[in-house]
Novice: 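Mind having a look at this structure? Questions to follow.
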Amino acid sequence: MKKIWIRLFVRVAAIFAAFVVLLAAVNGSFLGSYYVWRQKNTLLDMADQIRQLGLTDTEATLEALNRLNADQNFLIDIFSRDGQTLYTTFGQQIWGSSDFSTYLPGFYRREMTALEQEQRADGSWFITAVDNKNNAEYIIYQSRLPDNGYMEIWVQKSLLEASAKTASEFILILAGVFLAAALVWIIFFSKSFTKPIVEMNAVTKDMAALDFRRKLTPRSSDEIGQLAHSINDLSTKLDGALTDLRDKNAKLQDEIDAERRLDSMRRGFVSNVSHELKTPISIIQGYAEGLKLGISEDKEKREEYCDVILEESIRMNHLVLDLLELSRYESGQIKIQREDFDMAALIRDLCQKLAGRFAEKEAGLELELPGTLFVNADPLRMEQVLSNYLNNAASHVTAGGTIRVMAETRDNLARISVYNTGKPISADDMPQIWQSFYRGDQSHKREEGRFGLGLSIVRAIMELHGRECGVYNTGGGVCFWFTADPAAPASEEPAPAEE
């Protein structure tokens, strides 16, 4: 692709070259004619000056004629009315009397051949003639004087032509030098003139590729400088508009993704609730129909049927209550009631309440707690989080394993961890255990009364507190943790850790 500065250079150079060629053509065709025309006018001016001399004082007239000849390098002859030579600038009188009856006195005194003759309106003549002896061409002006004398003014035409040729050659050489200098100047001018346009082209290409980092530097206040300002303004506005559009698109995409996830969760939630309710409802229906039909007359058998119905009703009630609680957390209906309390004391109380459950698994309980750990949170919700963690640990701890509860201050936050020995959580299950109804370990039977809602409730409670919770595999087991804000007043010095 031809660059714009080259195109500009070629066009401007062509214009300059055309002017040089035209100058050469005009110079060759008209310079000689112009010289002749100019010399004829000069001859007429000199003739007027001679007429004003009066020709009465011979010495004064001769001095004036010599001065005119020296100024113009013309040959001047003056004759009386009877053809006698009165004055000449040849230095000597070499012609005799002539008959002026034909009014060409000087012409007939030399062996001349007329080439052109032009009679003017005032009766004077311009004659172009060639000297037969030396082939020199002359332009001769002949005119009458006020006293009826005559004058002739000669100029050698070959000298004019030589001067015209020399002038023509000089003009052509000068034009060539100027053209070469002009070409160099045109190169710099073309590059300088087109540089802003090239920069604009590069910037607009970047803009077309949605890259608005480059900006133009206006170097003038003319239309090109104003265009640079306009491109910069357009780039800034487009960048802002596209950034805003991208932000809105990203936000819209996030909302769409969130809506899709919510819809997927809603469908999964309905499916899971239906699945969880299907079994107890079927059991209740079956046992109730059995009682109604009097399948067994045995009182103990009827009581067993009733116990099963009651047990499944209680299970359904727990499920519904957990669902309602989770729904209230996620919808923001529950407001946390913050206060300062001792988290270490709360942990000890809960572990004491669940001691029987730990004993069922023959699990050892280890407490690594400071003497006191005051936090600022909702104590009821924190108890629920701890209860879910501890029950989850009791469900997954290996028989004869260990459950360890730890509390510490880290990065100006209270951090509570519940560890149990057991099977690690797989990488695929790790991000999903916080979802409702998700049970990574399908070996745990429904008789344990677990619906997969506990960790979802924990996550919802921690989000209300603006704090984090998580889980990781470590040392042959799994550790769940959460953080809490420290109490506003200075807490007591922590006592040594206990087990």
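Basis for what follows: all heavy atoms, side chains included, without hydrogens, waters or symmetry-related copies.
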Novice: Under a 4.5 Å cut-off applied to non-hydrogen side-chain atoms, are Cys479 and Val418 in contact?
Specialist: no
Novice: Take Thr398 and Thr421, measure what side-chain hydrogen bond (donor to acceptor under 3.5 Å, both in side chains) needs, and give me the verdict at the end.
Specialist: CA-CA 6 Å; Thr398 55; Thr421 56; 3.2 Å; yes
Novice: Nearest 0.5 Å, what's the CZ-CE distance between Arg381 and Met462?
Specialist: 13.5 Å
Novice: Would you say the side chain of Lys215 lies within less than 4.5 Å of the side chain of Ser235, judging by non-hydrogen atoms?
Specialist: yes
Novice: Would you say the side chain of Asn420 lies within less than 4.5 Å of the side chain of Arg404, judging by non-hydrogen atoms?
Specialist: no
Novice: Rounded to the nearest 0.5 Å, how far apart are SG of Cys351 and CD of Glu366?
Specialist: 11.5 Å
Novice: Return the minimal non-hydrogen interatomic distance between Ala344 and Leu369, and the atom names on each side.
Specialist: O-CD1, 4.1 Å
Novice: Using side-chain heavy atoms (C-beta onward) and a distance below 4.5 Å, is Met343 in contact with Leu346?
Specialist: yes
Novice: How many angstroms lie between CD1 in Ile416 and CZ in Phe482, if you round to the nearest 0.5 Å?
Specialist: 4.0 Å
Novice: Do you know the tightest heavy-atom contact between Asp342 and Gly371?
Specialist: OD2-O, 4.1 Å
Novice: List the atom of Pro218, the atom of Asn232, and the distance in Å for their closest heavy-atom pair.
Specialist: CD-ND2, 4.3 Å
Novice: Would one find more than 12 heavy atoms of other residues, nucleotides or ligands at under 6.0 Å from atom CD of Gln352?
Specialist: no
Novice: Check whether any side-chain N or O of Asp378 sits under 3.5 Å from a backbone N or O of Gln337 as a donor-acceptor pair, and report yes or no.
Specialist: yes
Novice: Checking Asn388 against Gln384 for the side-chain hydrogen bond (donor to acceptor under 3.5 Å, both in side chains) test, could you report, in this order, the C-alpha distance in whole Å, the side-chain angles of both residues, the deciding distance, and whether it holds?
Specialist: CA-CA 6 Å; Asn388 282 328; Gln384 192 171 6; 6.0 Å; no
Novice: So do Leu43 and Phe126 actually touch side chain to side chain, heavy atoms under 4.5 Å?
Specialist: yes
Novice: Using the side chain to side chain contact (heavy atoms under 4.5 Å, CB included) definition, which of the options Ile403, Thr474, Val478 pairs with Tyr419?
Specialist: Thr474
Novice: Would you say the side-chain atoms of Arg357 and Ser395 include a donor-acceptor pair closer than 3.5 Å?
Specialist: yes
Novice: Nearest 0.5 angstrom please: Leu354 CG to Leu386 CG, how far?
Specialist: 10.0 Å
Novice: If you round to the nearest 0.5 Å, how far is OG1 of Thr236 from CD1 of Ile231?
Specialist: 11.5 Å
Novice: Would you say the side chain of Val471 lies within less than 4.5 Å of the side chain of Met430, judging by non-hydrogen atoms?
Specialist: yes
Novice: Between Asp247 and Lys251, does at least one N-O distance fall below 4.0 Å, as a salt bridge requires?
Specialist: no
Novice: Taking all heavy atoms of Tyr389 and all of Trp481, pick out the closest pair and write down the distance.
Specialist: OH-O, 3.0 Å
Novice: Rounded to the nearest 0.5 Å, what separation is found between the CG atom of Asp239 and the CG atom of Leu210?
Specialist: 9.5 Å
Novice: Do the side-chain N and O atoms of Ser230 and Asp233 include a donor-acceptor pair separated by under 3.5 angstrom?
Specialist: no
